[in-house]
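These notes are about the structure you will find just below.
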Amino acid sequence: MTATTPPNPAAWSCPMPLRDYPAVVLGHGGGGRLTAELVEHLCLPAFRGGPLDGVLEELGDAAVLGVLGARLAFTTDAYVVHPRFFPGGNIGDLAVNGTVNDLAVGGARPLALSAALILEEGLPVAELGIVVETMGAAARAAGVSIVAGDTKVVERGRGDGLYVTTAGVGVIPDGIMLGPKRIQPDDVVLLSGPIAAHGVAVLSVRDGLEFESEIVSDTAPLHELTAALLGCGAEVAVMRDCTRGGVAAVLNELAAASGCGIEIRDDAVPVLEPVRAACGILGLDPLYVANEGRLVAIVRAGEAETALAAMRSVAVGAQSVAIGHTTAEHPGIVVARTAIGGTRVVDLPLGEQLPRIC
């Protein structure tokens with residue numbers, strides 16, 4: 001195959017169901033089943049064979065690398081949110097917080113970020129100035145430095161104004177071991193606060209929707225919350241922030257990777273009333289709506305109250321709650337128990353309910 005020869009889909013490791021999509025669709029970026037299939041069947045086989053083979057297969061929020069006796073967490077992300085400004089934030093602090101959070105839920109103390117700006121010709125410099133000032137303020141608030149970057153400009157009409165890509169590195173303290181393989185039956189599932197505000201906040205501005213109360217994004221750094229949780233003495237199996245695909249996507253990924261089932265209670269999942277009302281009007285399930293300042297943690301049953309107390313001691317985790325438990329039943333499947341005592345399967349979303357919300 002030459003550099004100019006397009007890849008042959010028949011040579012992919014598992015061409016179905018990707019062959020059903022001869023071109024990329026928005027759902028491939030939604031954090032659901034289409035994203036998982038794209039990564040599993042196309043990207044992973046193509047990226048194998050390097051000196052750190054196997055690290056990518058973990059598919060965590062951040063890769064864990066052993067370097068000179070230390071363990072580093074390393075992550076990268078891209079932000080294409082539309083619109084760039086929304087209630088509670090903009091693409092700048094969203095990019096910084098999202099990268100910090102990917103490191104933090106991996107158990108790391110975030111240290112440094114890089115940032116690349118892809119600018120469209122015609123973007124007002126004043127608007128760019130607001131974004132980069134916001135990025136700097138968010139980095140300082142999270143205790144990290146932006147230490148490297150790049151800038152590219154594309155022709156008018158080719159870049160939708162501004163995209164941001166980031167990478168981040170942090171140090172994982174000794175004794176911190178996290179991952180879905182550590183999940184056991186009868187662990188407790190904790191959630192750090194009300195969900196779905198970010199996705200609905202972005203949608204409200206994008207579509208010009210007005211609700212009785214303003215809905216504000218939950219974007220926030222989670223490093224202090226994760227530090228409090230990991231330092232409280234409770235045994236934490238895993239943490240994940242609930243971004244694309246929402247809480248539903250995170251729980252399905254953890255169930256599949258651990259081999260345990262997960263059961264949650266619908267009435268235990270906190271949703272602010274204006275967000276719940278907006279989701280009802282729009283036909284959205286809050287479990288599938290993206291967040292940018294919420295995490296799921298799974299801890300041992302006997303230590304859940306200790307963990308919750310630690311999470312609630314930090315402002316961003318003040319409304320943390322237990323929403324369910326893991327089980328040896330229905331391995332790999334997430335179910336929700338309804339208020340009337342029935343159950344429903346909470347499946348991995350196929351694609352994207354709300355495209356371009358991060």
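One-based numbering along the sequence shown.
Residues Ile323 and Arg265 have side chains not in contact (no heavy-atom distance under 4.5 Å, counting atoms from C-beta outward).
Glu127 CD: more than 12 foreign heavy atoms inside a 6.0 Å radius. The 12-atom threshold is exceeded at CZ of Arg312, counting heavy atoms of other residues, nucleotides or ligands nearer than 6.0 Å. Summarising the local packing, CG of Asp150 is surrounded by more than 12 heavy atoms from other residues, nucleotides or ligands at distances under 6.0 Å. Under a cut-off of 6.0 angstrom, the local environment of CZ in Phe211 is crowded, with over 12 non-hydrogen atoms contributed by other residues, nucleotides or ligands.
Nearest heavy atom pair, residue Ile215 against residue Ala201, reads O-CB, 3.4 Å. Between Val271 and Pro286, the closest heavy-atom pair is CG2-CB, 4.0 Å. The two atoms that bring Leu222 and Gly293 nearest to each other are CD2-O, 3.4 Å, heavy atoms only. When all heavy atoms of His223 and Ala104 are compared, the pair lying nearest together is CA-CB, 3.8 Å. Smallest separation of non-hydrogen atoms from Val250 and Asp241: CG2-O, 3.6 Å. Ala139 and Val96 make their closest contact through N-CG1, 3.6 Å (heavy atoms, listed as atom of the first residue, atom of the second, distance).
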* Please test Asn252 against Leu254 for side chain to side chain contact (heavy atoms under 4.5 Å, CB included), starting from the C-alpha separation and ending with a verdict. => CA-CA 5 Å; Asn252 273 276; Leu254 294 179; over 6 Å; no
* To do: Check the pair Val316 / Arg294 against side chain to side chain contact (heavy atoms under 4.5 Å, CB included), numbers first and verdict last.
  => CA-CA 8 Å; Val316 73; Arg294 297 288 180 257; 4.2 Å; yes
* To do: Just do the salt bridge (charged side-chain N to carboxylate O under 4.0 Å, His left out) check on Asp266 and Arg344 with the steps written out, would you?
  => CA-CA 10 Å; Asp266 269 338; Arg344 62 186 177 95; 2.9 Å; yes
* To do: Under the side chain to side chain contact (heavy atoms under 4.5 Å, CB included) rule, what do Phe86 and His198 come out as? Steps first, then yes or no, please.
  => CA-CA 9 Å; Phe86 47 84; His198 173 72; 3.9 Å; yes
* Take Leu103 and Val169 through the test side chain to side chain contact (heavy atoms under 4.5 Å, CB included) and record every step on the way to the result. => CA-CA 7 Å; Leu103 297 171; Val169 63; 5.6 Å; no
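Thr219 pairs with exactly one of Asn97, Asn101, Asn90 by the side-chain hydrogen bond (donor to acceptor under 3.5 Å, both in side chains) rule, that one being Asn97.
Put simply, the side chain of Ser145 never gets that close to the backbone of Val147: no donor and acceptor are under 3.5 Å apart. Looking at Glu263, its side chain never comes within 3.5 Å of a backbone N or O of His325 through a donor-acceptor pair.
Grouping the Ile, Leu, Val, Met, Phe, Trp and Tyr side chains by contacts below 4.5 angstrom, directly or via other members, places Val247 with Val202. Both Val299 and Leu230 sit in one connected hydrophobic cluster of ILVMFWY residues. Membership requires side-chain heavy atoms under 4.5 Å apart, directly or through other members. Follow the hydrophobic side-chain contacts under 4.5 Å out from Met177 and you never reach Val171; the two are in separate clusters. A single hydrophobic cluster is seen to contain both Leu284 and Ile264, as judged by linkage of ILVMFWY side chains at heavy-atom distances under 4.5 Å, directly or through other members. Taken together through direct or relayed side-chain contacts under 4.5 Å among Ile, Leu, Val, Met, Phe, Trp and Tyr, Leu295 and Ile357 form parts of separate hydrophobic clusters.
With values rounded to the nearest 0.5 angstrom, Asn291 atom CG is found 9.0 Å from Ser217 atom OG.
The pair Glu253-Arg240 meets the salt-bridge criterion, since a charged nitrogen lies less than 4.0 angstrom from a carboxylate oxygen. For Arg71 and Asp174, the salt-bridge test fails: no basic side-chain N is under 4.0 Å from an acidic carboxylate O.
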